[in-house]
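Here's the structure, in structure tokens; my notes come after.
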2 protein chains.
Amino acid sequence: MKLSQLAFFCAVVEQGTVAAAAAQLNCVSSNITTRVRELEDLLGVSLFSREKNRLLVTPEGRLFYQKAKQVLAMAQEARALFKDDAERGVIRVGALDVALTNHLPERIARYRANTPHVELHIRPEPSLMLEQLLMDGELDLILTDGPIIHPLLVSRLAFRERLVLVTPKALSAPTVDDLSRMELYVFGQTCHYRRQVDGYLETSKIKPRSVMEIESFSSIFACIEAGVGFSCLPESVVEQAVTRHGKIHFERTDSLESSDIYYVWRKNYTSPLIHRLIESLEQEL
Amino acid sequence: MKLSQLAFFCAVVEQGTVAAAAAQLNCVSSNITTRVRELEDLLGVSLFSREKNRLLVTPEGRLFYQKAKQVLAMAQEARALFKDDAERGVIRVGALDVALTNHLPERIARYRANTPHVELHIRPEPSLMLEQLLMDGELDLILTDGPIIHPLLVSRLAFRERLVLVTPKALSAPTVDDLSRMELYVFGQTCHYRRQVDGYLETSKIKPRSVMEIESFSSIFACIEAGVGFSCLPESVVEQAVTRHGKIHFERTDSLESSDIYYVWRKNYTSPLIHRLIESLEQEL
DNA sequence: TAAATCGTTCATAAAAAGAGAAGATATTGA
DNA sequence: TCAATATCTTCTCTTTTTATGAACGATTTA
């Protein structure tokens, strides 16, 4: 079945005659006769009743006309999707939880307000998964710790971020021995921060009593407040948390490298939507 | 824009590669490449980002995919409309008010119950209009007084019907003089019955004091009950009405010819739906 | 009655779709 | 590392589809 067949058929129904339809569609009437016949053969029903030298729509034809018009209208919508200069598309963004929680919400809201016809699909993932999904083409843009050096990818600094040491307030200047007597709370096994924390522990010769994996920032803070554990967390998260959790203390440590968040996307990506999205996200609030 | 282009595009999106899409659609991959390119040129956007030897859907392509799938699904619905053996169509029926009111309702309900996929459009019209609409192809079937003798039309008796003289009960055996002192109520100007009534008045030498046109049976009955007027109405209507209006009286009159209702439709109508509809309506309740 | 209109058929021309080979690049496997 | 395989694309050529225009029969209009 072809859209042109449907258009021919609808024109005949609307105009009443083949000749008028031919005039409307700038073609010859024999063409219309043939195409409508094809359509009837395809469907197995008579769409018109031929009587003398005129066409009368059959009940079947009337029903088919309703559907045909819907199909044509929807095809027209598809055809016209990109005719105006509005940005339209579906962008898939992946981001580290810390980026999603602390840096992105207001910026995404602003982008959505300025670009209402672009659908954003946003999913939180650990950094290894993000890179994998970006390479597979499942994601258009990721916000992850970087930069990622790869011939196909581009990285650009998004947000400065570093891990800080978070301890109970009662223990304002913890020594290595203090920390070694405590529990360590880490976010997730596949999270990139884990590697940095491990490096820090090794450098500082801290051997925590035990390691607990907790996939929730607020749970980690609650545990630290309880007084028997510590953690290494992104500074932006901690800054927000100290207002709600009074009994925690944090400090920067040189042994914990900076761990900035980068935009990463494909180098040879033709669509301009990605770049506009990045430009929008980069603007100060 | 062609449905085949949309199908090619969607196959590539779903399969991920041109080669896989070609295998699915039983064609050669160069063909797909070309058709997708055409589509991109037509829309003015890149649907895929070409990187190395693979295709990645762009944000625009993702959006277009959603629409394209809808178009294809709806086209498929249209294609499959008549694939089963259920009767489907839109039948337009016109009928005299008397037929619609007294004879048709239960039969139409029964037909609808047996044939749920046939849409019925039913409109009441006076007989001249009915014939006109049937000839114009605006109606598939009419129920009107007949038979209509016409080379293109077929008539078949539907319901026996005749006009009866309806008078106030107080005047059980009205004379010509009685009636000539009264008002006459007639249904509508364009109604076929009007001619019969005029013929009756002339034959019987009745000259009513005045003629009122009232387009409502129940209003006519109310006026007759008031005692100063009479009317000539279809027997089936009157029979129903006497139960509700006690103060009216009716009698058959030879001067009022029978006025039966006929099915009338086009002789050369190929669609079987009309005939099935008539068969259904003809069955006894 | 003559002229115009209508839908259809047919032969033919134009356009589109498809096939298949060849090329450039990238991935896989030995 | 190097050949083998797989990717998409470009090109030419063939087939298929679509459109044209004239002719025809039938009907309607003037």
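Here the structure is a predicted model, which means the values were calculated and not measured. Quick note on labels: first sequence line is chain A, next is B, and so on, each numbered from 1.
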Problem set entry | Distance (rounded to the nearest 0.5 Å) between Arg37(B) CZ and Gln5(B) CD |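 So the gap between those two atoms works out to 14.0 Å.
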Look at the side chain of [X] and decide which nucleotide, out of [options], has an atom nearest to it.
| X | options | answer |
| --- | --- | --- |
| Val18(A) | dT9(C), dG7(C), dT27(D) | dG7(C) |
| Lys2(B) | dT7(D), dA16(C), dA19(D) | dA16(C) |
| Thr17(A) | dC6(C), dT28(D), dT8(C) | dC6(C) |
| Arg35(A) | dT9(D), dG21(D), dT18(D) | dT18(D) |

Could you state the atom-to-atom distance from [atom1] of [X] to [atom2] of [N] in whole Å?
| X | N | atom1 | atom2 | value |
| --- | --- | --- | --- | --- |
| Met1(A) | dT17(D) | CE | P | 17 Å |
| Gln15(B) | dC8(D) | CD | P | 11 Å |
| Leu6(A) | dT18(D) | CG | P | 12 Å |
| Glu40(B) | dC8(D) | CD | P | 14 Å |
| Asn31(B) | dT7(D) | CG | P | 17 Å |
| Ile32(A) | dG7(C) | CD1 | P | 9 Å |
| Glu38(B) | dA16(C) | CD | C1' | 8 Å |
| Met135(A) | dT27(C) | CE | C1' | 13 Å |

Problem set entry | Distance-only donor-acceptor test (3.5 Å): side chain Ser30(A), base dG21(D) |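 Under the 3.5 Å cut-off, the side chain and the base do form a donor-acceptor pair.
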Taking only side-chain nitrogens and oxygens of [X], does any of them come within less than 4.0 Å of OP1 or OP2 of [N]?
| X | N | answer |
| --- | --- | --- |
| Arg50(A) | dT8(C) | yes |
| Arg37(B) | dT10(D) | yes |
| Thr33(A) | dG7(C) | no |
| Arg54(B) | dC8(D) | no |
| Asn53(B) | dA26(C) | no |
| Lys52(B) | dC8(D) | no |

Got a list of side-chain donor-acceptor pairs under 3.5 Å for residues 115-126 of chain A, not counting sequence neighbours?
unit_1: Thr115(A); atom_1: OG1; unit_2: Tyr111(A); atom_2: O; d: 3.3
unit_1: Glu119(A); atom_1: OE1; unit_2: His121(A); atom_2: NE2; d: 3.1
unit_1: Arg123(A); atom_1: NE; unit_2: Glu125(A); atom_2: OE2; d: 3.3
unit_1: Arg123(A); atom_1: NH2; unit_2: Glu125(A); atom_2: OE2; d: 3.1

Exercise. For Arg112(A), does the CZ atom have more than 12 heavy-atom neighbours from other residues, nucleotides or ligands under 6.0 Å away?
Worked result: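 More than 12 heavy atoms, drawn from other residues, nucleotides or ligands, come within 6.0 Å of this atom.
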Exercise. Do other residues, nucleotides or ligands put more than 12 heavy atoms under 6.0 Å from Glu14(B) CD?
Worked result: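 Yes.
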Exercise. Are Tyr262(B) and Phe159(B) near enough that their ring centres are under 6.0 Å apart?
Worked result: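 No, the ring centres sit 6.0 Å or more apart.
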For this session: Under 4.0 Å between any heavy atoms, over every strand shown, what does Phe8(B) touch: base, sugar-phosphate, or nothing? Just pick one.
Result: sugar-phosphate
For this session: Give one of base, sugar-phosphate or nothing for Gln5(A), where a contact means two heavy atoms less than 4.0 Å apart.
Result: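 No contact.
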For this session: Name the residue closer to the 5' end of DNA chain D, choosing between Asn26(A) and Leu55(B) according to the nucleotide with the nearest heavy atom.
Result: Leu55(B)
For this session: Could you please spell out the steps behind the side chain to side chain donor-acceptor pair (under 3.5 Å) verdict for His103(A) and Glu161(A)?
Result: CA-CA 10 Å; His103(A) 303 287; Glu161(A) 187 69 86; 3.0 Å; yes
